[in-house]
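So the structure is just underneath, and the comments pick up after that.
Only a predicted model underlies this, so the values are computations on that prediction, with no experimental measurement involved. Start at 1 and go down the list; that is how both ligands and their atoms are numbered.
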Amino acid sequence: MTMQKDIYILAIETSCDETAASVVKNGRYVLSNVISSQINLHKKYGGVVPEIASRNHIKKINIVINEAIEKSGINLKDINAIGVTYGPGLVGALLVGLSTAKALAFATKKPLIGVHHIEGHISANYIENKDFAPPFICLIVSGGHTHLVYVKDYGDYEILGKTRDDAAGEAYDKIARAIGLGYPGGPKIDKLAKEGDPHSIEFPRAYMEDGSLDFSFSGLKSAVLNYLNKCKMTGECVRKENVAASFQQAIIDVLVDKTIQAAKLKNINKIALAGGVSANTGLRQAMNKVCERENIFLQYPSPILCTDNAAMIGSAAYFEYIKGIRHGLDLNAIPNLKLGESV
Ligand code: KG4
Ligand code: ZN
């Protein structure tokens, strides 16, 4: 029996406001996972300012990569390939990671592998459970995306549904801002919701037309904003914890229902969660409960692997690598790159 050689990927992620680098072995073993968050720089603007993001990626990228290599205990010369997010995301931010990855690939003569950011989020599920493998249904909920995907095989996706307006995380961030919680709102609403009554305020749930697995959160967002305005005009005191809990419940109900519907449609008894919002304790609890009832296996990453990181990019890049996928040094950043339409 021949021993298979270990494959080491150096991965880089700069699509939004996290400068991240990681070394991943065989797609599932994280040797280092360095994340430099810019949250404090963007906080005062209530959201990510693209130009500030790009500038700070430039400041941090080399430091973060060096730290990731150092902590991994692996020499750069022993890395097999360089994986990098090339879309979707903020174009200026993406270009910092991509240009650095290209320069490294050129200087070290290592192959370059461009990774789709959402594919990275999905792949975060392969890291902590070494046996977790396709096929499964994946719900990806982040600041920029809400997708229901049928993962047929590594790198083989069928999009079953997506948001028609706001992403789930975007709705969290906007409502958090409206009730004065600050950016990023997801974790703050998550915490506050635990103190509130999720059934105290009846907010709408948008299920769309029959059979559709698409999402829409703009109506819910307007309903919450209208509720807050009405309270303000009538002088009614707003119970923020009840708003947070009721808003969160409205989002969770739809996410859980549609994900289960997708699993039934494809006759799959394995579900994974991914993206920043999948760190939400309410969503995890609700999903756990329903999956137990329906006899469905549920997988989700630790919170640190739910929000943006480079370990997930390293995992995705590994599965591309073993399929022989390589990118040229002319690879460009694609801010609106669609899943399944990778170049
Ligand atoms: O995946 P991510 O880091 O970036 C994107 O690719 O967009 O997701 C960030 C989003 C933000 O909207 C943030 O508010 C949300 O994930 N988020 C959460 C939680 N932690 C992060 N939303 C709800 N509950 C959480 N615990
Ligand atoms: Zn993300």
Side-chain angles (χ1 to χ4, degrees), residues 11-20 22 33 35-39 42-43 46-48 50 53 57 84-90 93-94 97 115-125 138-147 149 162-163 166-179 181-194 196 198 217 220-221 244-245 247-252 254-256 272-287 300-316 335-337 339:
I12 299 170
E13 152 67 43
T14 62
S15 68
C16 192
D17 61 342
E18 262 92 30
T19 317
S22 167
N33 185 22
I35 305 167
S36 168
S37 172
Q38 303 178 0
I39 281 180
H42 299 282
K43 233 182 202 163
V48 177
H57 284 313
V84 62
T85 310
Y86 72 106
L90 302 168
L94 286 165
V115 173
H116 191 292
H117 183 75
I118 297 185
E119 183 164 7
H121 275 301
I122 295 171
S123 305
N125 284 291
C138 191
L139 171 72
I140 303 110
V141 270
S142 74
H145 314 279
T146 306
H147 276 64
V149 174
K162 55 177 190 271
T163 181
D166 290 357
E170 206 176 338
Y172 264 99
D173 293 337
K174 285 177 180 165
I175 296 310
R177 194 173 174 175
I179 55 177
L181 297 179
Y183 176 84
K188 291 179 176 149
I189 291 198
D190 191 356
K191 198 163 160 228
L192 190 61
K194 292 186 180 129
F217 298 110
L220 169 61
K221 184 188 67 191
F247 158 78
Q248 176 161 297
Q249 193 60 49
I251 290 217
I252 291 173
V254 179
L255 291 178
V256 171
L273 308 180
V277 182
S278 68
N280 187 268
T281 46
L283 175 63
R284 287 167 178 238
Q285 261 170 26
M287 212 53 139
Y300 46 72
S302 295
I304 192 70
L305 293 173
C306 287
T307 45
D308 288 350
N309 65 85
M312 66 185 197
I313 304 301
S315 175
N336 58 355
L337 183 66
L339 190 66

query: Near the Zn ion (ligand 2), is there an N/O/S atom from C16 that is less than 2.8 Å away?
result: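 No - counting backbone and side chain alike, C16 has no N, O or S atom under 2.8 Å.
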- prompt: Can you tell me if H121 has an N, O or S atom under 2.8 Å away from the Zn ion (ligand 2)?
  reply: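 Under 2.8 Å: H121 contacts the Zn ion (ligand 2) through an N, O or S atom.
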Against heavy atoms of [X], which atoms of ligand 1 measure under 4.0 Å?
{"X": "H121", "answer": "1 (O), 6 (O)"}
{"X": "D190", "answer": "24 (N), 25 (C), 26 (N)"}
{"X": "A279", "answer": "26 (N)"}
{"X": "G144", "answer": "7 (O)"}
{"X": "G169", "answer": "12 (O)"}

Does any N or O in the side chain of [X] come within less than 3.5 Å of the main-chain N or O of [Y], such that one atom is a donor and the other an acceptor?
{"X": "H121", "Y": "C306", "value": "yes"}
{"X": "S302", "Y": "I304", "value": "no"}
{"X": "Q38", "Y": "A53", "value": "yes"}
{"X": "T85", "Y": "G87", "value": "no"}
{"X": "N125", "Y": "A272", "value": "no"}
{"X": "S22", "Y": "N33", "value": "no"}
{"X": "Q285", "Y": "M287", "value": "no"}
{"X": "H116", "Y": "I118", "value": "yes"}

query: Is the closest heavy-atom distance from Q248 to ligand 1 below 4.0 Å?
result: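 No, Q248 has no heavy atoms under 4.0 Å from ligand 1.
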query: Heavy atom of K191 under 4.0 Å from ligand 1?
result: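 No, that is not the case, since the closest heavy atom of the residue is not under 4.0 Å from the ligand.
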I need the nearest protein heavy-atom contact for [atom]: residue, atom name and distance, please.
{"atom": "atom 22 (N) of ligand 1", "value": "G186 CA, 3.2 Å"}
{"atom": "atom 3 (O) of ligand 1", "value": "D308 N, 3.0 Å"}
{"atom": "atom 12 (O) of ligand 1", "value": "D173 OD2, 2.7 Å"}
{"atom": "atom 24 (N) of ligand 1", "value": "N280 ND2, 2.9 Å"}
{"atom": "atom 6 (O) of ligand 1", "value": "H117 NE2, 3.1 Å"}
{"atom": "atom 20 (N) of ligand 1", "value": "G276 O, 3.4 Å"}

Nearest candidate to atom 9 (C) of ligand 1, where distance is taken over non-hydrogen atoms, out of S15, G143, S37: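 Nearest option to atom 9 (C) of ligand 1, by heavy atoms: G143.
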message: Just to be sure I'm reading this right: ignoring hydrogens, which of T307, V277, I39 gets closest to atom 15 (C) of ligand 1? Compare them by their nearest heavy atoms.
response: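 Among T307, V277, I39, the closest heavy atom to atom 15 (C) of ligand 1 comes from V277.
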query: Considering only N, O or S atoms, which atom of D308 is nearest to the Zn ion (ligand 2)?
result: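 In D308, the heteroatom (N, O or S) nearest the Zn ion (ligand 2) is OD1.
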Ring geometry between F247 and Y172 (parallel below 30°, tilted from 30 to 60°, perpendicular above 60°):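 Rings of Y172 and F247: perpendicular, over 60°.
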- prompt: L305 versus M312: any side-chain heavy-atom pair under 4.5 Å?
  reply: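 Side chain of L305 against side chain of M312, heavy atoms only: no contact under 4.5 Å found.
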- prompt: With side chains defined as the heavy atoms from C-beta onward, is the minimum distance between L283 and V141 less than 4.5 Å?
  reply: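 Yes, side chains in contact.
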